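Working notes, beginning with the structure itself.
Numbering of ligands and ligand atoms starts at 1, following listing order. All values derive from a computational prediction rather than experimental measurement.
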Amino acid sequence: MSINLEKYKQISQIAEKSNAILVAVSKTKPVEDIRALYDLGHRDFGENYVQELVDKQQQLPNDIRWHFIGHLQSNKVKYIAPFVHLIHGVDSMKLVKEINKQGEKYGRMLDILLQVHIAIEESKFGFDEDELDLAVRQLIKEPLKNVHIKGLMGMTSFSTDQELVKKEFRSLKLLYDKYANVKSDQISFNTLSMGMSGDFPLALAEGSNMIRVGSLIFGERSYGALNNK
Ligand SMILES: *Cc1c(COP(=O)(O)O)cnc(C)c1O
């Protein structure tokens, strides 16, 4: 087990001081590692492969709050809809509609975060500012009864340029604040998910209240066995 319990305690204290939730990102890591944090009282875990999440959920206690943080394909929503706590990376209206459909099927209100494209890199997923505006307007006009939009999620550029990363976090916080006063049954923001192992202190300083930290806690990931997931 390569899990770093000291680091975990340290990060979880930092998060707590900022009134932020620490999502421990356990993707590619064995259930024993998750169990070790669970036994310390940790409940929020993040995964980004549907099959892996479903497998782990079946083997672990029911009171874990599972966060789906990866890129979700519409045809896979049905596998996580019965139990998922929060879906972070929702990046299209098509996906919002499918989540609503599955929520209806399972009699659940599914909590989601809309992913915003804040990085300069082309490859990152997410709504841009205009698309986000359209999506929110549409959801106000035609509410989907089984989804609840709790806030925004974003990923910064993969860069050591602190100023750039800060600027990207700031742009997401501005958008978050812009919608913070929209209150309906379907939309009420209370979650801004930003910050990972490399940049969570900066994210917290810029107003994040949910950080997603993996490798600092669980050790580096090896993707060898997961290439086709
Ligand atoms: C893997 C992943 C993380 C955690 O990354 P670390 O750098 O290991 O902390 C956070 N967010 C998302 C969306 C991820 O896919």
Side-chain angles (χ1 to χ4, degrees), residues 1-15 18 20-30 33-34 36-37 42 44-54 56 65-73 76-77 80 84-92 95 99 111-119 121-127 150-162 164-165 168-169 172-173 176 191-206 208-227 229:
M1 194 161 74
S2 53
I3 176 169
N4 187 336
L5 291 179
E6 277 313 306
K7 203 80 192 165
Y8 162 71
K9 284 176 192 158
Q10 195 189 339
I11 299 169
S12 103
Q13 273 168 13
I14 294 172
S18 302
I21 291 171
L22 167 61
V23 177
V25 177
S26 46
K27 64 190 183 200
T28 79
K29 300 296 176 181
D33 287 10
I34 300 174
L37 284 201
H42 198 80
D44 291 277
F45 291 91
E47 291 283 339
N48 67 347
Y49 305 97
V50 168
Q51 189 55 52
E52 185 182 349
L53 171 54
V54 170
K56 286 174 169 172
R65 293 182 288 269
W66 291 106
H67 296 248
F68 189 81
I69 62 170
H71 181 65
L72 183 57
Q73 287 166 282
K76 296 200 170 158
V77 177
I80 62 171
V84 71
H85 173 68
L86 180 64
I87 303 174
H88 289 230
V90 179
D91 61 357
S92 71
L95 185 54
I99 292 170
D111 289 346
I112 69 171
L113 304 178
L114 299 177
Q115 182 167 1
V116 184
H117 183 278
I118 51 171
E121 286 144 42
E122 285 288 322
S123 62
K124 299 264 160 93
F125 296 104
F127 292 97
K150 308 286 281 186
L152 303 178
M153 177 269 207
M155 288 170 83
T156 54
S157 299
F158 187 73
S159 167
T160 52
D161 180 349
Q162 293 286 295
L164 173 68
V165 172
E168 292 174 351
F169 281 144
L172 187 57
K173 175 66 160 68
Y176 177 78
T191 305
L192 178 56
S193 168
M194 60 182 199
M196 317 183 3
S197 286
D199 56 17
F200 76 88
L202 194 51
L204 290 173
E206 294 302 327
S208 166
N209 63 15
M210 185 172 277
I211 55 175
R212 311 175 307 268
V213 180
S215 43
L216 272 187
I217 296 172
F218 293 106
E220 292 301 323
R221 289 175 293 272
S222 126
Y223 281 96
L226 288 159
N227 275 340
K229 286 213 173 166

> Which residues pass the side chain to side chain contact (heavy atoms under 4.5 Å, CB included) test with Ser159, sequence neighbours left out?
Replying inline: Ser157, Asp161, Leu164
> Mind checking what makes side chain to side chain donor-acceptor pair (under 3.5 Å) contact with His85, not counting sequence neighbours?
Replying inline: none
> Which atoms from ligand 1 have a heavy atom of Arg212 less than 4.0 Å away?
Replying inline: 4 (C), 9 (O), 10 (C), 11 (N), 12 (C), 13 (C)
> Just which atoms of ligand 1 are under 4.0 Å from any heavy atom in Ser197?
Replying inline: 6 (P), 7 (O), 8 (O), 9 (O)
>> Within ligand 1, which atoms have a heavy atom of Met155 less than 4.0 Å away?
In response: 13 (C)
> With only distance considered, is Met153 within less than 3.5 Å of ligand 1 through an N or O on each side?
Replying inline: no
>> Which of the numbered atoms in ligand 1 are under 4.0 angstrom from any heavy atom belonging to Asn48?
In response: 15 (O)
> Which of the numbered atoms in ligand 1 are below 4.0 angstrom from a heavy atom of Val213?
Replying inline: 9 (O)
> Hey, mind stepping through Asp33 and Ser26 against side chain to side chain donor-acceptor pair (under 3.5 Å) and telling me if it holds?
Replying inline: CA-CA 8 Å; Asp33 287 10; Ser26 46; over 6 Å; no
> What residue among Val90, Thr191, Val84 forms side-chain contact (heavy atoms from CB on, under 4.5 Å) with Ile112?
Replying inline: Val90
>> Looking at non-hydrogen atoms alone, which of His88, Met196, Lys27 comes nearest to atom 2 (C) of ligand 1?
In response: Lys27
>> Could you report the tightest heavy-atom contact between Met153 and Leu172, atom names first, then the distance?
In response: C-CD2, 3.9 Å
>> One residue to check: Ile69. Relative to ligand 1, which of side chain, backbone, both or neither has a non-hydrogen atom less than 4.0 Å away?
In response: both
> So, does Ser197 use its side chain to make a donor-acceptor pair with the main chain of Val213 at under 3.5 Å?
Replying inline: no
> Using a distance-only test with no angle check, is there a side-chain donor-acceptor pair under 3.5 angstrom linking Arg212 and Ser193?
Replying inline: yes
> Can you list the atoms of ligand 1 that are under 4.0 Å from a heavy atom of Gly214?
Replying inline: 4 (C), 6 (P), 8 (O), 9 (O)
